[in-house]
Amino acid sequence: MPGECAVAEGEVRDPALRVTAMPADANAYGDIFGGWLMSLMDSAAGLVAARRAKGRAVTIAMDGMKFLSPVHIGDEVSVYAEVAKVGRTSMTIAVEAHARDRHRETTRKVTEAHFTFVAIDRDRRPRPVDA
């Protein structure tokens, strides 16, 4: 996927967010709600977008998500995000979520998506990203 923030084997990078999945985040079967994971991804993308825009940026769209693997209660979820594309007022942020069983070292990618943000001014109107 263009602008993907894939991790090359052996590469080390810092996640934009890292949290532990808790019982309140799960359905009756013990799997984490997809909406909870999407919220984490939007938050991580928002941090990257605000830093790049040097100010407020708001989510206006995201492409579809395909869940590759379930997230379970107790899993450590790391969300990676990076700028994939910059327009005049908008930015596309590539986001991946990875999970790790708390008693293991290996991680697995659970989903990915692209979030589109628009930089806004004090009046909540679009402004140039580089302004």
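Being a predicted model, the structure only gives us computed values, none of them experimental.
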- Query: Going through the distances and angles, do Ser43 and Leu17 end up as a side-chain contact (heavy atoms from CB on, under 4.5 Å)?
  - Reply: CA-CA 8 Å; Ser43 293; Leu17 284 176; 3.8 Å; yes
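- Ion pairing of Arg100 with Glu76 is present here, as a side-chain N (NZ or NE/NH1/NH2) and a carboxylate O approach within less than 4.0 Å.
- Judged by distance alone, with hydrogens and angles left aside, the side-chain atoms of Asn27 form a donor-acceptor pair with the main-chain N or O of Gly30 at under 3.5 Å.
- In the hydrophobic cluster analysis, where Ile, Leu, Val, Met, Phe, Trp and Tyr join through side-chain heavy atoms closer than 4.5 angstrom, Val86 is grouped apart from Ile120.
- Across every non-hydrogen atom of Arg102 and Thr20, the tightest pair is NH2-CG2, 3.3 Å.
- When the side chains of ILVMFWY residues are joined at heavy-atom separations under 4.5 Å, either directly or via intervening members, Ile32 and Met38 end up in a single hydrophobic cluster.
- When every heavy atom of His98 is checked against every heavy atom of Thr107, the shortest pair comes out as ND1-OG1, 4.3 Å.
- Shortest non-hydrogen contact noted between Gly64 and Ala113 is O-CB, 4.3 Å.
- Nearest heavy atoms, Arg127 versus Ala53: NH2-O, 2.8 Å.
- With rounding to the nearest 0.5 angstrom, the CD atom of Glu96 is 8.0 Å from the CD atom of Glu82.
- Val110 and Ala99 get closest at one heavy-atom pair: CG1-CB, 3.8 Å.
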- Go through Tyr80 and Val95 one step at a time and tell me if the side-chain contact (heavy atoms from CB on, under 4.5 Å) criterion holds. CA-CA 6 Å; Tyr80 301 90; Val95 184; over 6 Å; no
- Item | Pair Trp36-Val19, side-chain contact (heavy atoms from CB on, under 4.5 Å): steps then yes or no | CA-CA 11 Å; Trp36 177 81; Val19 298; 3.8 Å; yes
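- Atoms OG1 and CG, from Thr106 and Asp101 in turn, are 8.0 Å apart once rounded to the nearest 0.5 Å.
- For the atom pair Asp31 CG and Asp25 CG, the distance stands at 12.5 Å (nearest 0.5 Å).
- Between atom OG1 of residue Thr116 and atom CG of residue Asp63 there is a gap of 7.5 Å, rounded to the nearest 0.5 Å.
- Residues Met41 and Val83 fall within the same hydrophobic cluster, defined by Ile, Leu, Val, Met, Phe, Trp and Tyr side chains chained together at heavy-atom separations under 4.5 Å.
- In this structure, the side chains of Asp130 and Arg52 come closer than 4.5 Å at one or more pairs of heavy atoms.
- Within the 4.5 Å cutoff, the side chain of Phe117 has no heavy atoms near those of the Ile60 side chain.
- Looking only at distances, a side-chain donor or acceptor of Thr111 sits under 3.5 Å from a matching main-chain atom of Lys66.
- Nearest heavy atom pair, residue Gly34 against residue Phe67, reads CA-CZ, 3.7 Å.
- By the rule that hydrophobic residues join a cluster once side-chain heavy atoms approach within less than 4.5 Å of another member, Val118 and Met62 end up as members of separate clusters.
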- Show your reasoning for whether salt bridge (charged side-chain N to carboxylate O under 4.0 Å, His left out) applies to Asp75 and Arg104. CA-CA 10 Å; Asp75 282 355; Arg104 295 200 165 93; over 6 Å; no
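- Side-chain heavy atoms closer than 4.5 Å link hydrophobic residues (I, L, V, M, F, W, Y) into clusters, and following such links, possibly through other members, connects Val79 to Phe33.
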- Could you check Val58 against Arg56 for side-chain contact (heavy atoms from CB on, under 4.5 Å), going step by step and ending with a plain yes or no? CA-CA 7 Å; Val58 295; Arg56 189 168 178 190; 4.1 Å; yes
